[in-house]
Colleague: 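Below: one structure in structure tokens.
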Amino acid sequence: KLQQVPPLRVMIALGDDSGEGPSRAVYISGRDGFYSQLLRILGAENVHEGTTMSVPSLSAEGLIALDPDAVIVVSSSRLSSVERQSVLKSWYQVPGLRAAKSKDVYVLDQDFMTIPGPRYVAALGALATVLRETEKKRSGQ
């Protein structure tokens with residue numbers, strides 16, 4: 001588990017592999033999905049309290065209202081370094097989003113991130129790695 005108190009508030013953005021980022025509607029994972037389970041194991045919490053299907057997408061204003069400590073973009077396909085930078089840049093440009101200001105936006109594009117199954121532990125490790133980075137920034141290490 002991560003050591004922070006209170007827990008990190010995390011948003012999982014799904015399928016953002018176009019480079020457009022939050023300039024368009026963004027699909028996010030709700031508390032009913034396996035991403036929320038992984039976050040709970042790590043001592044973090046999902047900022048979206050609804051179900052995954054009841055609010056399938058949010059505008060930039062909706063994202064700002066949730067104001068997560070970290071945003072994790074889960075891509076359904078491998079991104080080139082140019083595509084990855086484009087995705088990050090688009091998130092960093094969202095005014096008023098705490099995760100954007102602190103550069104706590106991460107892209108996870110490994111195939112095990114999109115399919116729950118035997119490699120659940122690998123997804124847990126990938127999430128733990130990026131959340132530790134956010135935690136280090138918060139504690140000034």
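In this chain, residues are counted from 1 in sequence order.
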Colleague: Checking side chain to side chain contact (heavy atoms under 4.5 Å, CB included) for the pair V26/L58: CA distance, chi angles, key distance, verdict?
Modeller: CA-CA 5 Å; V26 174; L58 291 176; 5.6 Å; no
Colleague: Distance-only, no hydrogens or angles: does the T129 side chain make a donor-acceptor pair with backbone N or O of G125 under 3.5 Å?
Modeller: yes
Colleague: Any donor-acceptor pair under 3.5 Å linking the side chain of E83 with the backbone of S80?
Modeller: yes
Colleague: What pairs meet the salt bridge (charged side-chain N to carboxylate O under 4.0 Å, His left out) rule with one or both residues in residues 105-118, with sequence neighbours excluded?
Modeller: R78-D109, R84-D109, D111-R119
Colleague: Between atom CG of N46 and atom CZ of R40, what is the distance when rounded to the nearest 0.5 Å?
Modeller: 8.5 Å
Colleague: Is there a donor-acceptor contact under 3.5 Å from the side chain of K101 to the main chain of P95?
Modeller: no
Colleague: Side chains of E133 and Y106: donor-acceptor distance under 3.5 Å anywhere?
Modeller: no
Colleague: Give every donor-acceptor pair under 3.5 Å between a side-chain atom in residues 6-14 and any protein atom, sequence neighbours left out.
Modeller:
| unit_1 | atom_1 | unit_2 | atom_2 | d |
| --- | --- | --- | --- | --- |
| R9 | NH1 | L66 | O | 3.1 |
| R9 | NH1 | D67 | O | 3.0 |
| R9 | NH2 | L66 | O | 3.1 |

Colleague: Is any side-chain heavy atom of D104 less than 4.5 Å from a side-chain heavy atom of V71?
Modeller: no
Colleague: Side-chain contact, heavy-atom cut-off 4.5 Å: E61 with I64?
Modeller: no
Colleague: What's the separation between atom CH2 in W91 and atom CG in L63, rounded to the nearest 0.5 Å?
Modeller: 4.5 Å
Colleague: Looking at every non-hydrogen atom in both residues, tell me the closest pair between S102 and D69 and how far apart they are.
Modeller: OG-O, 4.3 Å
Colleague: Are L97 and P68 packed together at the side-chain level, in the sense that at least one heavy-atom pair is separated by less than 4.5 angstrom?
Modeller: yes
Colleague: Give the cluster check for Y35 versus I41: same hydrophobic cluster or not, with ILVMFWY residues linked at side-chain heavy-atom distances below 4.5 Å.
Modeller: yes
Colleague: Hey, could you give me the CG/CG distance between L79 and L88, rounded to the nearest 0.5 Å?
Modeller: 9.0 Å
Colleague: Taking C-beta and beyond as the side chain, do L108 and Q110 meet within less than 4.5 Å on heavy atoms?
Modeller: yes
Colleague: Determine the minimum heavy-atom distance between S36 and R31, stating which atoms define it.
Modeller: OG-CA, 3.1 Å
Colleague: Using every non-hydrogen atom in the two residues, find where A44 and L131 come nearest and quote the distance to one decimal.
Modeller: CB-CD1, 4.1 Å
Colleague: Given the rule in the side chain to side chain contact (heavy atoms under 4.5 Å, CB included) test, do F34 and L39 qualify, once you have shown the distances and angles that lead to the verdict?
Modeller: CA-CA 9 Å; F34 79 99; L39 292 173; over 6 Å; no
